[in-house]
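Below is one structure, written out as C-alpha cells; comments come after it.
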Amino acid sequence: MIRRLGKNLALSSVDALEASQDLERDGFAVLRGVLSADEIAELTSEAERVFREHEPQRGRSDRDEFRYEMLNISEPAHRAIGHPRILEVIEPLLGDDCHVIANTLWRNPPEFGGGPWHCDAGPHIPRPADVPWDDRIPYPVFAV
C-alpha cells in the first residue's frame with residue numbers, strides 16, 4: 001500500500017482492507033452492496049441517456065462504443081465514484097489525494113471479448129529497494 005509523502009508516494013505500513021489487498025494482488029475486487037438497486041438503475045438509465053444525447057467526440061472506428069467526459073455530464077456517475085466504500089478501497093493504493101482523469105463510459109456488446117491494457121505514462125508504483133521488478137510485467141499497470 002502507499003501513502004503520500006510531500007509530492008511523492010511512499011510505502012505505507014498501515015493495514016488496508018481485504019478488498020484493497022485483492023485489488024493490488026489480483027487487479028480487481030468485488031464490493032458487494034455498495035450501490036443500492038435504485039442507484040444501479042439510475043446509473044443504467046443515465047448511461048443510456050448519455051449515449052442518446054451526446055455524440056461521440058472522436059473520429060475512431062469504435063467511437064459508437066464510448067463517450068468521453070462522463071463525470072462532466074453525469075451527476076449520478078460523479079456521485080458513484082466518490083462513494084466512501086469505493087474510496088476506502090482505492091485510496092490505500094493511489095493515495096488519499098487521487099483524482100480521476102479518465103472517465104470514459106463504455107458500452108461493450110455481449111460478444112466483446114475484451115482488449116489490450118492501455119496505460120498513459122504511469123502509474124508510478126513504489127516498491128522497496130530490495131524488491132526487483134518482475135520481468136514478466138512489461139510495464140506497471142493499474143486500472144480501477
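Using a 4.5 Å heavy-atom threshold, the side chains of Leu35 and His83 count as touching.
Within a 6.0 Å radius of CZ in Arg52, more than 12 heavy atoms belonging to other residues, nucleotides or ligands are found.
Listed by chain and residue number, Arg49 satisfy the salt bridge (Lys or Arg N to Asp or Glu O under 4.0 Å) test with Glu53 (two or more places apart in sequence, or in another chain). Qualifying side-chain contact (heavy atoms from CB on, under 4.5 Å) partners for Leu31, counting only residues two or more places apart in sequence or in other chains: Ala19, Val34, Ile86, Val89. Listed by chain and residue number, nothing satisfies the side-chain contact (heavy atoms from CB on, under 4.5 Å) test with Ser45 (two or more places apart in sequence, or in another chain). Residues that satisfy the ring pair (Phe, Tyr, Trp, His ring centres under 6.0 Å) test with Tyr68, not counting sequence neighbours, are Phe66. Residues that satisfy the side chain to side chain donor-acceptor pair (under 3.5 Å) test with Glu39, not counting sequence neighbours, are Ser36. In this structure, the side chain to side chain donor-acceptor pair (under 3.5 Å) partners of Arg25, at least two apart in sequence or on a different chain, are Asp22.
Residue Arg107 comes nearest to Ala47 through the heavy atom pair NH2-O, 4.4 Å, listed as atom of the first residue, atom of the second, then distance. Residues Ala16 and Gln21 come closest through the heavy atom pair O-NE2, 2.8 Å.
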If you apply the rule side-chain contact (heavy atoms from CB on, under 4.5 Å), what do you find for Glu88 with Leu17, and how did you get there?
CA-CA 8 Å; Glu88 73 181 357; Leu17 295 174; 3.4 Å; yes
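Atom-to-atom distance recorded for Ser20:OG and Glu91:CD is 9.5 Å, nearest 0.5 angstrom. Going from atom CD of Glu48 over to atom OG1 of Thr44 covers 6.5 Å, rounded to the nearest 0.5 Å. To the nearest 0.5 angstrom, Glu69 atom CD is 10.0 Å from His54 atom NE2.
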Which donor-acceptor pairs under 3.5 Å do side chains of residues 70-81 form with protein atoms, sequence neighbours excluded?
from, atom 1, to, atom 2, distance (Å)
Ser74, OG, Glu46, OE2, 3.0
Ser74, OG, Ala77, N, 3.2
Arg79, NH2, Glu42, OE1, 2.9
Arg79, NH2, Glu42, OE2, 3.1

